[in-house]
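Comments concern the structure below.
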Amino acid sequence: MKSTSIKIELISDFNLQTVANYLENSESRPEVAVHVAPFGQVVPTLLQANDVDPSKSERSAVAVIWTAPAAIIPAFADAVQSKPVREEAMLGEVREFARHIITAKDRFRSVLVCAWTLPRWQRGLGLLDLQKPSGLRNLLLKMNLELISMLQDIPGVYILNPQDWIEAAGKTANSPKSWYLTKTPYGAEVLKQAAVEIKSALRTIAGETRKLIVVDLDDTMWGGVVGDIGWENLRIGGHDHAGEAFVDFQRALKSLRNRGILLAIASKNTESVALQALRQHPEMMLRPEDFACWRINWQDKAANIIEIAAELRLGLQSVVFIDDNPVERARVREALPEVLVPDWPNDKTLAASSLLALECFDSAQITNEDQARAGMYADEHKRDELKSEMPTVEHWLSSLQTKVSVEELNSSNRARVAQLFNKTNQMNLTTRRMSESELVDWANHGNRKVLAFRVQDRFGDSGLTGILTLDFNGETATIADHILSCRVMGRRVEETMLAVAAEYSARAGSEKLIAEFIPTAKNKPCHEFWMRSGFTHDAAGHIFTWDMAKPYARPATVELVFAQDAANSEEKTNLALNPAIEPAVIS
Amino acid sequence: MNSTPKLPGYEDVLPVVYKALDELNQQRPRNQRLTASPDCVLFGESSSLNSLELSNFIVLIEQLVNEQFGTEIDLTENDPFSPESGHMRTAATLAAHISNLLREQA
C-alpha cells in the first residue's frame, strides 16, 4: 500500500470484496487501500466504530456503507414476506440506523451511504406496488427519504444512488447466481460502476472540481459555420432535430453556469461575426453576457485557452474544453494535458447528455459563492476596466472601496471554508487539505483560531474568499493556513489578513508570529506575496517571522470589520474596539 | 433456400472466454493479470484464481454466452470442478465444454 493511498472501509451486509478489487486495481485516481468489514455485521461494525475515541483515531478512512433494505430494516423484511407493517415503526428503524451512521461518522473522514434499491424481478404488489402504502416500492421510497433527511445536513456524509449503477448495468445488474455463489446480489457491471462512482466521490470530496468550460462555436454551439452562411442560417432551434439539440446543449451549458461553472469561448472565427450571431439570433439560449470571456480569433486554441485561464485566474486543471473537431481536441490534449478534453459525439443529439454526464463538475458542497460566481467574474471585468482608467494602482485600490469582514468558523460558513481549503492552489501557504469535519476537529484542539474573510467592494460582493488559521503556543503564534481565492488577489486583502493575524497574536500575548511556506507546483504567487509581505525570512524563503514588538499596519485602502458571529452578522464591531477576542470553540 | 444456423463451435466460444478473462482481469492487480490463451489455467494446480474470482468468472461467462449466443447455460451443474471432468481446467477445456453444452441445448 502506498502512503498516499486513501483508506476505504467497505461496510455491508453482502460481500463487497469484488468492489474492493475493482477499487484497488483500477487505474483511475485516487489510489486506494480497501478494507472490507465482515459482511452481515453492519450495525456491530458501526457500533465498534463508536467505541473508538475520535480524538485518538486517525480518521483517515472513508467509509462506504451499502446495505440491502431487508437485511438492515427488519420491518422491511416483514414487508417482503407480505406481512403487515406499521409504517412509523419501519421509519423508526431507519432513523435508528441513521443514528448509528451519524455517531460512527466521528471515526471517519467521510462516509458514503448508498440509498436502498430493489431488484427489478422483485415486483412486490406489481401494478399497485408504487401506489399502495404496503407496496415495497412505496415503502422503499419513504425509507430512502427518511434516511436522506436524517443524513443530509451531516458534514462529511454523502448519499450515493446505486439505482444509477443498476440502470447502467442493464439486465444483468441483479444476479441471483452471484448471490448464491458469492453472497453479492449484483453482477460485475454494477460492482464496477460502484467502484467508479466511489472514486468519483473521493475526487469530488478532495475538491477536484472543474470550474470553467471553454467551448467552440461552429458545429458545437450551433450547426453550421457562421462565417460562411451568416447567423440567420445557423441550425439552432426551429423545427429541426439538430437545431433543437443545439438549443438543448446551450440550455445545459446555461444550467451549469447557474451552478457557478464559468463559460468561455475559444473559436476560430471573426469576432464581430460570431458575437453578432450570439446577440441577434432569436433562438440562442446563451448571449455574450453569459460568458466570462472569449478568444474568437484565428490563433491556436491551446494558446487561447492558456490566455482565458490566466484572465480568469484559474489553473488549467480547472478547465474543460469542448469542441466538435477531433483535430482541435487532439491538439489541446497534447499541448495542455491538465485540461480535460472529453470525446465529443458526432451525433449532435447526444451533445447535451454528454455534457450533463460529465462528473468533473460534481461538488461536495453547494455554497452561495458557487451560485454567484459567474456574476462575480462580470464584476471583475468592471474592476479591470476601472484599473486601466486610473493613474496608479493606489488610486485604483482606493476607488474600489474594499471592505473585508472577518468572522470565526461557524455552522453557517464551514461548508464554504472547507471548500475553499480544498480548492485553492495559488494563494495557499501550505496547501493543507482537510474535510469539513477534520477542519472543525482541528479548530477545537489546542488554542487555535479559524477566521474566514468576506470581501466586497463598490462593484460587488466576492463572498467568503479568504481563510486564516492561527495556532497560539506560548510566546509564538503560527499562521497555519493563509488562503485566498485568486479572484480577490492583489486588492490588499492578503496584507489585511496578516494585519488581522498580528492583532490576534498581540491580544494572545505572542512575541512573534511565524509562517512556514510549503511550496507546491501551483503556489508560487503565494510565495511571491510573502517575500514582499514585510515579514523577515530565512535564507530559503520558507520560514517567515514578524516581531510582535511592532504592529503590522493595516492597508489604508481596505475597511476592516469584525462580525461577532454569523447568526448576528448585522452587528459588526471594529476589531480595534473589541479587545477581548477569545479562541473559538466550534460545535 | 433456408439453411440451418451454424451451431457455435469451439472457435466461436473461445473469444467469449477471453472476453470474460479481460473483465476478470480488471479485478486483479496489473502484475497478476491472466493472459488470454487456450492454455490459460483457470482451476486446479497452478491456477491463480481464488474462489471468489472463479465464481465471478463463472457468472461473467454465463452472462456473456447468453448475450452472444442467446442460450442460457449453467456451468455449475454436473460437478464442473471435478478432476475427472476437467471442464474448468483451462480456457481451452472450458470453451470446448461450453460449445458441447450449446450443442446439447440446440
Side-chain angles (χ1 to χ4, degrees), chain A residues 1-2 5 8 10 12 14-29 31-40 119-121 165-166 168-200, chain B residues 15-36 42-43 47-82 85 87-88 91 94 97-98 101-102 105:
Chain A
M1 184 185 90
K2 293 187 181 174
S5 297
I8 296 182
L10 296 181
S12 181
F14 48 89
N15 184 356
L16 286 184
Q17 184 58 51
T18 303
V19 176
N21 294 344
Y22 276 126
L23 281 167
E24 289 191 325
N25 297 310
S26 115
E27 285 165 20
S28 68
R29 286 179 309 106
E31 286 187 37
V32 295
V34 186
H35 175 253
V36 183
F39 65 86
R120 193 172 51 170
W121 48 259
W165 316 337
I166 289 168
K171 66 178 185 178
T172 60
N174 295 104
S175 170
K177 189 119 191 186
S178 278
W179 173 251
Y180 292 116
L181 290 182
T182 70
K183 291 295 170 278
T184 305
Y186 301 108
E189 196 56 38
V190 172
L191 305 177
K192 186 161 65 172
Q193 197 62 32
V196 168
E197 291 294 331
I198 289 167
K199 285 216 169 176
S200 169
Chain B
V16 179
V17 175
Y18 290 167
K19 195 172 174 187
L21 281 174
D22 283 346
E23 185 61 42
L24 187 72
N25 275 335
Q26 294 180 45
Q27 302 171 19
R28 293 168 63 85
R30 178 163 282 280
N31 60 359
Q32 293 174 27
R33 291 186 177 168
L34 301 170
T35 304
L42 302 173
F43 180 70
S47 166
S48 63
L49 295 181
N50 62 34
S51 61
L52 176 65
E53 289 169 329
L54 195 59
S55 300
N56 283 340
F57 181 70
I58 287 170
V59 175
L60 275 168
I61 203 155
E62 287 182 359
Q63 286 174 357
L64 289 171
V65 166
N66 192 4
E67 281 172 20
Q68 184 76 24
F69 306 115
T71 304
E72 280 183 19
I73 58 168
D74 184 352
L75 291 175
T76 59
E77 283 294 300
N78 302 323
D79 200 7
F81 302 110
S82 72
S85 79
H87 294 328
M88 295 294 294
L94 179 60
H97 177 54
I98 292 171
L101 288 176
L102 291 171
Q105 294 187 32

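Below, chains carry the letters A, B, ... as their sequence lines are ordered, and counting in each starts from 1.
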Portion of B:Q26 that has a non-hydrogen atom of chain A nearer than 4.5 angstrom: both
With no hydrogens and no angle check, do the side chains of A:N21 and A:Q17 hold a donor and an acceptor under 3.5 Å apart? yes
In terms of heavy-atom proximity below 4.5 Å to chain A, should B:N25 be classed as side chain, backbone, both, or neither? neither
Taking A:V196's backbone N and O only, do any of them form a donor-acceptor pair with A:S200's side chain (distance below 3.5 Å, no angle check)? no
What part of A:S175 is in contact with chain B, defined as an atom under 4.5 angstrom from a non-hydrogen atom: side chain, backbone, both or neither? side chain
With chain B, the option among A:T184, A:L23, A:T182, A:L191 that has the most non-hydrogen atom pairs under 4.5 Å is A:T182
Portion of B:E23 that has a non-hydrogen atom of chain A nearer than 4.5 angstrom: both
For A:K192, which atoms come within 4.5 Å of any heavy atom of chain B: side chain, backbone, both, or neither? side chain
Has A:K177 got its NZ or CZ under 6.0 Å from the middle of the six-membered ring of A:W179, at an angle within 45 degrees of the ring axis? no
Under 3.5 Å donor-acceptor, B:K19 side chain and B:L64 backbone: no
Quick check against the 3.5 Å criterion: does A:N25 have a side-chain atom that pairs as donor or acceptor with the backbone of B:Q27? yes
